[in-house]
Amino acid sequence: MKDKIFRLFLFVAALLVLVLAAAIVYALVSRSSEAFQEYGILEFMTNAEWDPRSATEEYGALSFILGTLYTAFFALLLCIPFALSVALFNGVYFKEKKIAGVVRSVVDLLAGIPSIVYGLWGFYTVRPLVIDLGVNAQGFGIFLSSIVLAIMIIPYASSLSSEFLSMVPNNLKEGAYSLGATRFEVVQHVSMPMASSGIVASFILALGRALGETMAVTMLIGNTNRIPHGLRDTGNTMASVIANQFGEADGLKLSALIAIGLLLFIITAVINLIAKLVMKKLSHA
Amino acid sequence: MLCFLLSVLVLSCSNSSSNSGESSTVTSISGAGATFPYPYYNIVFRDYMRQQGNITVNYGAIGSGGGIRSLRDRSVDFGASDAFLNEKEIASMNGEVIHIATCLGGVVMAYTLKGVDSLRLTGPLIADIYLGKIKKWNDPRLVAENPAIKLPDLDITPVYRSDGSGTTYNFSDYLCVVSPEWKEIMGKGKALKWEAGIAAKGNPGVAGIVQQTEGAIGYIGSEYALTLKLPTAKLKNRAGRYVDATLESISAAANVELPDDMRATITDSGDPNAYPMSLFTWILVYRDQKYDNRTVEDASQLVDLLQYVISPNGQKVAAQINYAPLPPQALEKNRQLISKINYGGAAIVSGNLSEATDSTNTVLK
């Protein structure tokens, strides 16, 4: 009897989550329809014009889509060497050593720092350095946002990667050692190839994090509604434009912002799906 | 930011004076609208509630547009707006609406430049900075306006609001008046399509970037900038004087011939002492208070509240939290307008507001 009640409870709870997810999608779709009907989905996505003035009102998402992709991919690029080093440190070279535990805890701690704190750190500490580097006059922009984003996503990329690296079967590595391979050669020819799809998947998940990050980016990117020309330029991401303009928006503008939210949702969902597929390929291999 | 909140908090606590009157029935007055005067209304309404004892005043800072909509739907007793109703809006209301100006504010140009503590600007210069035409601090046109100081060879970083804002509206409204090119390219609105600079959310966001960035300039609500004591530029007014943004110079902007219905913009005021980027904020009420289920008591409470806001006590509170008080002529026009409020044609006798109010209220000086 108890078992049945518990099963029913679990069933209802799980169903509720599904219904909630469906309701969110429904709300996004229904409230963005005004913007999509006005411009058409394709035109909305390829138009870089964002003009909120009532006389010439026009909304397009291209500059925000590009701003999001620029920051997220540049952040991913910056994070790869660090995240991979941490993963190899924890998962191969110092596997099951005390120091690996310490490093892992500290990296996990990075994941727990609230986004606004990263934003403040970027604003007060990293930005003056970026100005000193001569990137641009005021420091804000794609470059600054990507640096801070890269640090924010290191824990997501590294912890999963080290997990996959440590899962590489010992007998394979021992086989390589017995053939005279050095430790580096084992990592290069055995561990990395074996764990590669898992590592790729973890970086894709980290990319998903970077795409949706809002608060820190909003504080650092400059919030200009134009296509960024290069890393030195300022811009705006999909998440940060919503955060900035949601409060006072109504009518078509509100619908356009929700449409951007829906697009971001779809992009993130597709990224996560790709990561899942890559991981699935690994488990079958 | 913290300073601002603190000062609001301190002021609102300091007014714990006499709770007069036996509260037999509690009447409630509700209003909604502009966010700009919200800190002021918050305190002045609380003072009024403390003084009356049996009244609650609720104010929702939902934005000017929302305030006008709420009054049109008659879901509130009064609306509040930073812009007066245009003819179209007046026609759409459920009856004749009266505008009562409650205080004044300004938009100030805050900047950060090492070694420069007195900067002079003109409207056309601000327009060209934000249009991206003046890019350097040592631009000849800026130097010509500031012969006494040495301006550095440094990029100007204009900062604007990323969110829709009445501050942006008033800023662009002024620039439309003084710069035909601005009017042509940018126009006016709560949000614009910007040509140069970077953006941040809210007065705190803009102030934060300006304070932390050498060479930055940004427009900020005076109530916020004066509380933070940010360095601000002197603006050249219509009379040709360079004026600091102070409560006095903002109040002086209203020292012009005002229309009887108080629907006036005072931007680029002709008064010689006026700060040019100044504005009124209004409370809107229906002239005939006999609608829906409103009683004559409800109407007289509302009139009392309005009278309290424009009373010396109410205006004193405004000045304490850096909203500019109304000059005498504007107060007089307000009084005449309030006396027009009626209940089904009958005059409203407002009895509750006694002369003694001055002594019951000890406010922080």
Side-chain angles (χ1 to χ4, degrees), chain A residues 48-60 63 119-120 122-128 130-132 134 136-142 144-145 214-215 217-226 228 233-237 240-251 253-254 256-257, chain B residues 34-36 61-66 69 86 112 132 135-137 152-169 172 176 183-202 204-206 208-218:
Chain A
E49 196 71 9
W50 185 268
D51 188 347
R53 293 172 296 184
S54 53
T56 50
E57 200 177 28
E58 188 180 350
Y59 302 108
S63 34
L120 287 171
F123 189 96
Y124 287 105
T125 310
V126 186
R127 190 169 70 98
V130 170
I131 296 173
D132 289 344
N136 56 21
Q138 22 71 23
F140 294 103
I142 306 285
L144 175 64
S145 317
T214 311
M215 199 60 223
V217 174
T218 305
M219 291 172 75
L220 303 174
I221 198 162
N223 301 310
T224 49
N225 306 330
R226 288 187 308 262
D233 205 359
T234 55
N236 219 341
T237 66
S240 67
V241 73
I242 297 171
N244 268 305
Q245 309 199 353
F246 187 66
E248 285 266 345
D250 53 10
K253 186 177 178 183
L254 183 61
L257 288 173
Chain B
T35 47
F36 153 70
I62 58 172
S64 296
R69 274 198 297 278
N86 58 35
T112 299
K135 294 180 192 298
K136 292 268 186 190
W137 279 106
D153 177 17
L154 183 72
D155 282 344
I156 303 178
T157 302
V159 188
Y160 56 88
R161 291 281 292 268
S162 61
D163 49 337
S165 161
T167 311
T168 303
Y169 181 88
S172 56
C176 278
K183 195 174 179 181
E184 170 79 29
I185 298 172
M186 302 290 288
K188 61 180 169 183
K190 296 177 86 172
L192 301 172
K193 185 170 179 284
W194 296 89
E195 302 285 328
I198 54 172
K201 195 176 177 187
V206 174
I209 290 184
V210 170
Q211 280 178 301
Q212 294 296 325
T213 309
E214 182 69 16
I217 185 164

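Reminder, nothing fancy here: chain letters follow the sequence lines and each chain counts from 1.
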Note to self: Within this structure, what is the CG-OG1 distance for the pair B/L192 and A/T56, rounded to the nearest 0.5 Å?
What the structure shows: 9.5 Å
Note to self: Could you measure the distance from the CG atom of A/L220 to the CD1 atom of B/I198? Nearest 0.5 Å is fine.
What the structure shows: 10.5 Å
Next item on the list: Could you pull out the closest heavy-atom pair between A/N223 and B/A199, with the gap in Å?
Entry: ND2-O, 3.0 Å
Item checked: For the student: nearest non-hydrogen atoms of A/P52 and B/K193, plus distance -> CD-N, 4.3 Å
What part of [X] is in contact with chain B, defined as an atom under 4.5 angstrom from a non-hydrogen atom: side chain, backbone, both or neither?
X	result
A/T234	side chain
A/F246	neither
A/A243	backbone

Note to self: Are there over 12 heavy-atom neighbours, none belonging to B/K135, within less than 6.0 Å of that residue's NZ?
What the structure shows: no
Check: Taking atom types as modelled and ignoring hydrogens, do the side chains of B/S162 and A/N244 form a donor-acceptor contact shorter than 3.5 angstrom?
Finding: yes
Notebook entry, point to check: Out of A/Q138, A/R53, A/E49, A/Q245, which one racks up the most heavy-atom pairs below 4.5 Å with chain B?
Noted result: A/R53
Checklist line | B/Y160 and A/T224, any side-chain heavy atoms less than 4.5 Å apart | finding: yes
Margin query: Counting only non-hydrogen atoms closer than 4.5 Å, can you tell me which residues of residues 209-216 of chain B sit against chain A?
Written below: B/I209, B/Q212, B/T213
